[in-house]
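Below: the structure, in structure tokens.
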Amino acid sequence: MLTLNSHPSGRHFLQIPGPTNVPDRVLRAIDQPTIDHRGPEFGALGLAVLEGVKQVFQTQSPVVIFPSSGTGAWEAALVNTLSPGDRVLMVETGHFASLWRKLAGRLGLEVDFLEGDWRHPVDAAAIAARLAEDTAHGIKAVCVVHNETSTGVTSDIAAVRAAIDGAAHPALLMVDTISSLGSIDYRHDEWGVDVTVAGSQKGLMLPPGLAFNALSARALAAADDARLPRSYWDWREMLAANARGYFPYTPSTNLLYGLHEALAMLREEGLPQVYARHSRHAQAARLAVAAWGLELLSLDPTAHSAALTAVIMPQGHGADAFRKLVLERFDMSLGQGLGKLADRVFRIGHLGHFNDLTLCGTLAGVEMGLAAAGVPHRPGGVQAAMEFLAGERASAPA
């Protein structure tokens, strides 16, 4: 008598919005013997990745790399620039913006939180209005999420910078790019960002474990006067060691091998092409959702994310039961609803190491899952996406 294999054949489809699929090239780079992190070979690696990663942030300023998740990069941004009791202005765009706010409160900061509905991007006009009221300049930093992973909504960082400048306010600008860096066009220098926060496990195509702070001259100056406690997260010690390619404590050596390879892959494809690819896949995914007759969580067409698509489940149908069926039946993981979106949405990740066929397979799994779960929908979403992708390919210059 045959028994079902508990380990399905083929590769698992990891289609959550991070961690993302790690390319074989990066896996092979990570799979090298660990070297002496005080030796000359490591110093050369350190200098290469510290310089190379600047291209992805589009900055000439230093980028600090921590052995950490993105949460550590949030904390590092705050403790290096602020003092106990300082006021920060934050914007509720979704679950991760809310978590960053919670972390700031735990550090002893006073948070002004601009409420949002989790379906729209940052309102730059609301930021400008709040800063205009702050004539004493008590607000020391404005913290926003570029691409809210929980909602599939991307905010206009250049507009936030313009709002701060329009109010003639000296607040630092801090931006979370954890789910956008390497997937959506981001310009640290051009947009006047003071601290950019990022992580390794999404557009950079690495496993979790590296976190980043890209810095401005204003942020470095603020670090001289900041009085929040810092030790592990101290930029000063990191930058002193980084000057020679080293770190003040044991780094994630093998992840840095992987970062070196991931940066090479991004350079080879070209960042403009990387961003265009993500935009195409996002548009194809949204066409599929529309063909199914389902609703996007993101309501502003100008703010639809190129990294992921969040889909609202029809009334009476739970997203978690649907995701469970898709995992068990088709060996594919979809992103869950987070916070107040729990069991209400599922999220399709289409970022990182991803191509047309990966997207078509992902959408096929969703469409088959909708049918198997008895979720009301119209067929044809995969077909709509395929026609768009084939048409785009046909119209591309030779």
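Quick note: residue numbers are just sequence positions, from 1.
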With no hydrogens and no angle check, do the side chains of [X] and [Y] hold a donor and an acceptor under 3.5 Å apart?
X: Ser298; Y: His304; value: yes
X: Thr34; Y: Asn254; value: yes
X: His12; Y: Asp331; value: yes
X: Trp235; Y: Asn213; value: yes
X: Asp194; Y: Ser216; value: yes
X: Asp123; Y: His120; value: no
X: Trp74; Y: Asp176; value: yes
X: His281; Y: Asp356; value: yes

Under 3.5 Å donor-acceptor, [X] side chain and [Y] backbone:
X: Glu148; Y: Phe96; value: yes
X: Glu367; Y: Val382; value: yes
X: Arg87; Y: Lys140; value: no
X: Asp31; Y: Leu27; value: no
X: Asp86; Y: Leu82; value: no

Q.
Hydrophobic cluster membership, with links at side-chain heavy-atom distances under 4.5 Å among I/L/V/M/F/W/Y: are Val111 and Leu99 in one?
A.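 Shared cluster, yes.
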**Hydrophobic cluster membership, Phe346 vs Leu308, 4.5 Å side-chain cutoff** =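 Different hydrophobic clusters.
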Which pair of non-hydrogen atoms, one from [X] and one from [Y], has the smallest distance, and what is that distance?
X: Ala385; Y: Leu363; result: CB-CD1, 3.5 Å
X: Phe388; Y: Arg280; result: CE2-O, 3.4 Å
X: Met205; Y: Pro23; result: O-CD, 3.4 Å

Quick test of your reading of the model: are [X] and [Y] salt-bridged, counting only N-O distances below 4.0 Å?
X: Lys324; Y: Asp320; result: no
X: Asp24; Y: Arg11; result: yes
X: Arg230; Y: Glu237; result: no
X: Asp117; Y: Arg119; result: no
X: Glu268; Y: Arg25; result: yes

TODO: Check step by step if salt bridge (Lys or Arg N to Asp or Glu O under 4.0 Å) holds for Arg187 and Asp189.
DONE: CA-CA 6 Å; Arg187 307 177 185 190; Asp189 285 358; over 6 Å; no
Check: How far does CD1 of Ile348 sit from CD of Gln15, to the nearest 0.5 angstrom?
Finding: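 One gets 9.5 Å once the value is rounded to the nearest 0.5 Å.
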Above 12 or not: heavy atoms from other molecules or residues under 6.0 Å from CD of Gln273?
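Above 12, so yes.
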Take atom CZ of Arg344 as the centre, draw a 6.0 Å sphere, and report whether it contains more than 12 heavy atoms from other residues, nucleotides or ligands.
->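 No, CZ of Arg344 has 12 or fewer neighbouring heavy atoms, counting only those of other groups under 6.0 Å.
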Could you go through the salt bridge (Lys or Arg N to Asp or Glu O under 4.0 Å) check for Lys340 and Glu92 one step at a time? CA-CA 12 Å; Lys340 60 186 180 184; Glu92 183 188 15; 3.6 Å; yes
* What's the verdict on ring-ring contact (aromatic ring centres under 6.0 Å, His included) for Tyr186 and Phe57, showing C-alpha distance, side-chain angles and the deciding distance? -> CA-CA 6 Å; Tyr186 182 79; Phe57 286 91; 7.1 Å; no
